[in-house]
Amino acid sequence: MQTKDYTENIVDVKKIVEEKKKELRKRIEKLKKKNIVPKLAVILANDLDSSRIYVNNKRKLCKELNVEEVEYILDNDIKTEKILEIIENLNNDPTIDGILVQLPIYKHLDKERILNSISYEKDVDGFHPLNLGKLLSNQDSMIACTPKGIEYIIDSLNLDLEGKLAVVVGRSVIVGRPISQILLNKNATIITCHSKTVDLKKYTKMADILVVAAGSPHLITKGMVKEGAVVIDVGINRKNKKILGDVDTNNVAKKAKYVTPVPGGVGLTTVTALIDNLVTIAERRLKK
Ligand code: NDP
């Protein structure tokens, strides 16, 4: 008896990212011809290994795509006022296109004041309230990198969301809320679930497209998914030295039309989306 191979239902996100990088290289080349090199400023104000890994990944991609990057690695005695001063200088520096503060930051710092002090025009992470507000009102805005990366996946799978039911698990400002809004702007009907949702399965089972950003390893099992659904797994959970998503990928793949893997899924698109945002900001220099 032949067994069906379900791995074809697992989305090849690497391929999607390679296509995106090709497009980015062309845009960066075009800017270089006008003597413009996109430049990113990264502020690291915590001592977590995971944040250092994320910053390393960003640095690597900047190098690969030939864009400039400058880092401010700050000790734990740094004051909010000092970071505000650094950001003010970066806001006023015409050679800097994008500024990001790697989250989380040291607990004693005023996160809100720091994030809000980044000029919304250089807000490469899309966390500034003005950019979030623009997304809410369906205006052109700087979209947070993870939701933007999810959009690459949706677009490359040619998914038509009009009239579809999209369920998002998670309501954080960096993932859950913006992706719900993006899906709404694409004319899907939205349900956003969170930790206080009663009977999560009732909602996930109805979803034509299910986006999971809860930070709970293998929260979503095969029995919680509708036949033929598209499942996008945002979760990154470290367990017994392994990285697990929020979705039980191999089993869900037996039922879903598509499921994104972890690792090698949304995480890859996130950092690519960051460079996409950076290049978009640098392109505005052409119009000045
Ligand atoms: P947060 O902790 O900020 O938010 C998690 C959300 O999930 C909250 O809204 C929470 O509800 C909800 N939630 C948690 N547990 C459950 C549950 N059992 N049932 C229903 N809802 C639940 O996390 P983030 O949004 O920052 O990140 C989510 C996941 O995505 C993490 O694993 C993170 O590591 C990963 N991530 C991955 C990225 C990538 O590039 N691939 C980028 C960013 C994050 P409530 O609001 O009620 O607390």
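Computed from a predicted model, the values in this text were never measured in an experiment. Values below: every heavy atom of this structure, side chains too, minus hydrogens, waters and symmetry copies.
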Does the [X] side chain pair with the main chain of [Y], one donor and one acceptor, at a distance under 3.5 Å?
X	Y	answer
Asp246	Ala214	yes
Asp125	Phe127	no
Thr189	Leu165	no
Thr192	Val168	no
Thr272	Leu268	yes
Asn46	Pro104	yes
Thr260	Asp233	yes

For the residue pair [X] and [Y], what are the closest heavy atoms and their distance?
X	Y	answer
Asp123	Ile281	N-CD1, 4.5 Å
Ile105	Lys111	CD1-CA, 3.7 Å
Pro147	Ile182	CB-CD1, 3.6 Å
Ala256	Asn9	O-ND2, 3.2 Å
Val279	Pro38	CG2-CG, 4.4 Å
Ile190	Leu184	CD1-N, 3.5 Å

Does [X] come within less than 4.0 Å of [Y], counting only side-chain N to carboxylate O?
X	Y	result
Glu85	Lys82	yes
Lys39	Glu69	no
Arg25	Glu64	yes

Atom pair [atom1] ([X]) and [atom2] ([Y]), whose distance is rounded to the nearest 0.5 Å:
X	Y	atom1	atom2	result
Leu183	Glu151	CG	CD	8.5 Å
Tyr106	Ile78	OH	CD1	8.5 Å
Lys26	Lys22	NZ	NZ	7.5 Å
Tyr72	Asn89	OH	CG	7.5 Å
Asn250	Ile10	CG	CD1	5.0 Å
Ile179	Ile154	CD1	CD1	5.0 Å

Side chains of [X] and [Y]: closer than 4.5 Å at any heavy-atom pair?
X	Y	result
Leu210	Ile220	yes
Leu244	Arg238	no
Leu44	Leu74	no
Asn185	Leu135	yes
Ile87	Ile114	yes
Arg177	Arg171	yes
Lys226	Asp208	yes
Ile36	Leu286	yes

Hey, is [atom1] on [X] packed in by over 12 heavy atoms from elsewhere, all under 6.0 Å?
X	atom1	value
Asn92	CG	yes
Lys21	NZ	yes
Asp49	CG	no
Lys186	NZ	yes

Exactly one of Leu61, Leu100, Thr269 clears side chain to side chain contact (heavy atoms under 4.5 Å, CB included) with Leu274, and that residue is Leu100
Qualifying residue for side chain to side chain contact (heavy atoms under 4.5 Å, CB included) with Val212, from Val252, Val259, Val247: Val247
Mind checking whether [X] and [Y] sit in one hydrophobic cluster, side chains of I, L, V, M, F, W, Y counted as touching below 4.5 Å?
X	Y	result
Leu200	Val230	no
Val55	Ile99	no
Val234	Ile191	no
Val124	Ile96	no
Val211	Val13	yes

Applying side-chain contact (heavy atoms from CB on, under 4.5 Å) to Arg59 and Asn56, what does each step give before you reach the verdict? CA-CA 5 Å; Arg59 186 190 311 128; Asn56 285 346; 2.9 Å; yes
For Glu283, which of Lys30, Lys34, Arg27 qualifies under salt bridge (Lys or Arg N to Asp or Glu O under 4.0 Å)? Arg27
Distance-only polar pair, side chains of [X] and [Y], donor-acceptor under 3.5 Å:
X	Y	answer
Lys122	Asn91	no
Asp276	Tyr152	yes
Gln139	Ser141	no
Asn57	Lys60	no

Mind running side-chain contact (heavy atoms from CB on, under 4.5 Å) on Val262 and Thr249 for me, showing each step along the way? CA-CA 8 Å; Val262 176; Thr249 321; 5.5 Å; no
In sequence, state the C-alpha distance, the side-chain angles, and the governing distance for Lys20 and Glu23, and then conclude on salt bridge (charged side-chain N to carboxylate O under 4.0 Å, His left out). CA-CA 5 Å; Lys20 205 72 206 175; Glu23 182 197 307; 3.4 Å; yes
Could you walk me through whether Arg113 and Thr80 pass side-chain contact (heavy atoms from CB on, under 4.5 Å), step by step? CA-CA 8 Å; Arg113 264 182 87 203; Thr80 296; 4.2 Å; yes
Assess whether side-chain contact (heavy atoms from CB on, under 4.5 Å) is satisfied between Val67 and Asp97, documenting all intermediate values. CA-CA 11 Å; Val67 301; Asp97 297 290; over 6 Å; no
